[in-house]
Amino acid sequence: MGELVRNALELAQADRELPPIPPLELRIERPKEREHGDYSCNVALRLASAVRRPPMEVASSIAQRILCTEPIAEVEVAPPGFINIKLDADWQRHQLLSVIEAGPDWGRIELGAGQRVQIEFVSANPTGPLQVGNGRGAVLGDALASVLDAAGFDVEREYYINDAGAQIRLFGRTLFARYLQQFGRKTSLPDGGYQGAYMVDLAARLKEAFGERWLDSADDPPPDLSEQGLQLMVEHIRSDLALLRVEFDHWQRESALYNAADGESIYDVAMARLRDGAYVIEKEGAVWFRSDAVGEDKDNVLIRSSGEPTYFASDVAYHYDKFLVRGFDTVIDVWGADHQGHVARTKAAVTAVGGDGEALEVLLYQLVHLRRGGERVRMSKRTGEIVTLRELIEEVGADAARFFMLQRSADAQMDFDLSAAASADPRQNPVSYVKYAHARCASVLRTAAEAELSASSDHLELLDSEQEATLIGEILRLPELVADMALRREPHHLTYYAQSLAQAFTQFYDTCRIVVPDEPQRSGARLTLTQAAQAALAATLGMLGVEAPDEM
RNA sequence: GCGCCCGUAGCUCAGCGGAUUAGAGCGCUGCCCUGCGGAGGCAGAGGUCGCAGGUUCAAGUCCUGCCGGGCGCGCCA
């Protein structure tokens, strides 16, 4: 569509109706008002002063040169200088056949051209169960991955397991203490150890599986006890995420970055790169990354004076691995907003190890607060209130959890209303409304089959009511929406689209009787529309990761 | 103090690199069930888009400052 207008503009210039001007971004938008057509463009308004002509004249010079063929039915110039384009209604109606053919794949486009994108998300420390906030990152990352996948990118979902460092040692020591306690030993937890009851459960499971194996171990913690505990914890996290319908293609262990496969570990190579590039400086007994290159005021420690690498050093190695070893074109890290301070230095580090810092994108999401109706729910163990992601899912279900988490842009803090999410009543819960629309499509199609009526494209011109036109428009705009969401890394638009699509179908259903045995032609057309609506709903719910039931 | 995010209807929030009459859901008011699932539909009330400047023919949207709120600013992760 943009090209059509651009071509017309260039023609106008070639015909000397308009003076040549420097190329500019053309923006095509979808007007809110139906009267303004299906697409509209404001080039003329933007150009008017540059070419020193009234906007309306500029607009008509361009508009005259837009070919009014096939998809386009009408090109209009509207004050103060808009070019409004109407699509041919019949062409649109026949597009429904492509929609039905695509089915739940409707909306898939080739925008990404197979570029490899890695999305790393959640990546919570494997020292405890996932919290509600992790759920937001999980849903955001997963839905973005689905959107990019639909947009034609080659997407990999990844979870990074921080299984190295002090934190995990403390986990091991806590677990060891709990393990000894299983055998009645009077052992206290280490300072700052993990207090949660889940550690007791883990210890009990280790006792069950391994008996007295570590009872007299001199190590604190015994390495394989830590390892077994870690695996149980990761498995727990994996199953929590599975409840949310979030699955990963790859689980990357931090410790693997330190394993030297053939002499040098990923970590060694990454650090060597930094040294070669003169990005490091030694001072105060530690090794620092020179952040003045980034414009940060402080340098960042890579290797402590104790010789132990920092979390940041691991991150450098990890991103080296992502870009230089595994060769992703784009890497998107989904982080909680509390990690915002790490963005600049991580990008700088990517550049420093020989990658393109611009190819690393960090998507930050803000905090989640829970509420129950008007009441704020304090997320604390002490009050016995909901804390873990699993508890949230058990209370509201995966569909509502996902949908509600995606109703806000990542930038905005969010109040998650448990009572609305838990309600099955669509009057409070948009998830049910959307799923219901899908189920209703299925129901109508079943009824039609019983009445021996079938979808037909022979008389699509009978889809001529306002509600039908609106629904067709909603269905057909999905591919554009996918492109927009993919480019902007904003999957939250899905929830709004899902609602307006569901509403358009419901209004159509409400005003147009679909199954009318006396009017097989009209029924055939409306059944075609119903099938297409169902496909668009299924595709949308699919990207949202919400079920699309045939009955409720 | 510095950095990032947010401030739009009673509540929770959309509003895309500026544009044709500011939106949704919930809540509120009033209508509509002798038809494919009323788990619905229609209509309405409700907004100085935090404040003040600036850029522009045009600003909720861009720029600056201020005021609120959140999160960061470790040889912690």
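Order of the sequence lines fixes the chain letters, A, B, ..., with proteins taken first and strands second; residue numbering starts at 1 for each chain. Values in this document were obtained by computation on a predicted structure and should not be read as measured data.
A:H492 has a side-chain polar atom (N or O) that falls below the 4.0 Å cut-off from OP1 or OP2 of B:rG15. Residue A:T506 has no polar side-chain atom (N or O) positioned under 4.0 Å from OP1 or OP2 of B:rG41. Contact check, A:Y496 against B:rG25: no side-chain N or O comes under 4.0 Å of OP1 or OP2. One finds a side-chain N or O of A:R304 lying less than 4.0 angstrom from the OP1 or OP2 phosphate oxygen of B:rC76.
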Which pairs would a plain distance check flag for residues 406-414 of chain A, meaning a side-chain donor or acceptor within less than 3.5 Å of a matching protein atom at least two apart in sequence or in another chain?
none

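Candidate nucleotides B:rC5, B:rC36, B:rC16 were compared by shortest atom distance to the side chain of A:R513, and B:rC36 ranks first. Checking B:rA77, B:rG25, B:rU20 against every side-chain atom of A:Q499, the shortest atom distance belongs to B:rG25. Distances from the side chain of A:H36 to the nucleotides B:rU20, B:rA14, B:rC5 place B:rU20 closest. For A:N162, the side-chain atoms get nearest to B:rA77 when compared with the rest of B:rA19, B:rC75, B:rA77. The side chain of A:A412 lies closest to B:rA14, out of B:rA14, B:rA77, B:rC75. With B:rG37, B:rA19, B:rA77 as the candidates, the nucleotide lying closest to the side chain of A:Y509 is B:rG37. Across B:rA77, B:rG18, B:rU20, the shortest atom-to-atom separation from the side chain of A:P31 is found for B:rU20. Picking from B:rC75, B:rU12, B:rG37 the nucleotide with the shortest atom distance to the side chain of A:R440 gives B:rG37. Closest to the side chain of A:A286, from the set B:rA77, B:rC75, B:rG37, is B:rC75. With B:rU12, B:rC36, B:rA77 as the candidates, the nucleotide lying closest to the side chain of A:R371 is B:rU12.
More than 12 heavy atoms of other residues, nucleotides or ligands shown are found within 6.0 angstrom of CD on A:E29.
For the pair A:R30 and A:Y39, the distance from NZ or CZ to the six-membered ring centre is under 6.0 Å and the angle to the ring normal is within 45 degrees. Cation-pi check for A:R345 over A:F312 is met; the charged atom lies under 6.0 angstrom from the ring centroid and within 45 degrees of its normal. No cation-pi contact links A:R371 to A:F416, judged by a cut-off of 6.0 Å to the six-membered ring centre and 45° from its axis.
Shown here are the ring pair (Phe, Tyr, Trp, His ring centres under 6.0 Å) partners of A:Y258, two or more places apart in sequence or in another chain: A:Y267. Shown here are the ring pair (Phe, Tyr, Trp, His ring centres under 6.0 Å) partners of A:Y318, two or more places apart in sequence or in another chain: A:Y160. Every residue was checked against the salt bridge (Lys or Arg N to Asp or Glu O under 4.0 Å) condition with A:R513, not counting sequence neighbours, and none meets it. Legend: residues meeting ring pair (Phe, Tyr, Trp, His ring centres under 6.0 Å) with A:F403, ordered by chain and number and at least two apart, are absent. Evaluation of the salt bridge (Lys or Arg N to Asp or Glu O under 4.0 Å) rule for A:E547 yields A:R245 as partners, not counting sequence neighbours.
A:K283 and A:D299 are joined by a salt bridge, as a carboxylate oxygen and a charged side-chain nitrogen come within less than 4.0 angstrom of each other. A salt bridge links A:E120 with A:K322: at least one charged nitrogen is closer than 4.0 Å to a carboxylate oxygen. A salt bridge links A:E227 with A:R253; the closest basic N to acidic carboxylate O contact falls under 4.0 Å.
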TODO: Output, in order, the C-alpha distance, side-chain angles, deciding distance and verdict of side-chain hydrogen bond (donor to acceptor under 3.5 Å, both in side chains) for A:D417 and A:S419.
DONE: CA-CA 6 Å; A:D417 187 347; A:S419 47; 2.8 Å; yes
Open item on the list: Before you tell me yes or no, could you show the steps for A:S500 and A:E474 under side-chain hydrogen bond (donor to acceptor under 3.5 Å, both in side chains), namely the whole-Å CA-CA distance, both residues' side-chain angles and the distance that decides it to 0.1 Å?
Closed with: CA-CA 8 Å; A:S500 66; A:E474 284 293 315; 2.9 Å; yes
- [ ] Decide side-chain hydrogen bond (donor to acceptor under 3.5 Å, both in side chains) for A:E254 and A:N162; before the verdict, give the C-alpha distance in whole Å, the side-chain angles of both, and the deciding distance to 0.1 Å.
- [x] CA-CA 5 Å; A:E254 179 185 3; A:N162 287 106; 3.3 Å; yes
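Nucleotides B:rG74 and B:rG10 have their P atoms positioned 41 Å apart, rounded to a whole Å. Remark: the separation of the P atoms in B:rG54 and B:rU8 is 24 Å, to the nearest Å. Rounded to whole Å, the separation between the C1' atoms of B:rC16 and B:rU64 comes to 25 Å. B:rG44 and B:rA24 have their P atoms separated by 11 Å, with the value rounded to a whole Å. Distance check on atom C1': B:rA58 versus B:rA22 gives 15 Å, rounded to whole Å. Comparing B:rG25 with B:rA14, their P atoms are spaced 16 Å from each other, to the whole Å.
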For nucleotides 60-63 of chain B, list the nitrogen or oxygen atoms of the protein found under 3.5 Å from its nitrogen or oxygen atoms, one pair per line.
none

Under 3.5 Å, which N/O atoms of the protein pair with N/O atoms of nucleotides 42-45 of chain B?
residue, atom, partner, partner atom, Å
B:rC42, OP1, A:Q507, NE2, 2.5

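A distance cut-off of 5.5 Å between ring centres, combined with a plane angle under 30°, places A:F82 in a stacking arrangement with the base of B:rU20.
Every pair passing side chain to side chain donor-acceptor pair (under 3.5 Å) that includes a residue from residues 524-535 of chain A is listed here, sequence neighbours excluded: A:E468-A:R526.
In B:rC33 the base sits syn relative to the sugar, since the glycosidic angle is no further than 90° from 0.
Side-chain atoms of A:S443 and base atoms of B:rG37 include a donor and an acceptor less than 3.5 Å apart.
Looking at which nucleotide of RNA chain B each of A:Q407 and A:A439 is closest to, the 5′-most match is held by A:Q407.
Counting only Watson-Crick and G-U wobble pairs whose two key distances fall under 3.5 Å, RNA chain B forms stems of three or more stacked pairs at B:1-7 with B:67-73, B:10-13 with B:23-26, B:28-32 with B:40-44, B:50-54 with B:62-66.
The stretch residues 514-529 of chain A comes close to RNA chain B through A:I514, A:V515, each having a heavy atom under 4.0 Å from the strand.
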Task: Contact letters for nucleotides 68-73 of chain B, in which S counts primed atoms plus P, OP1 and OP2 and B counts the base, heavy atoms under 4.0 Å - done: -BSSSS
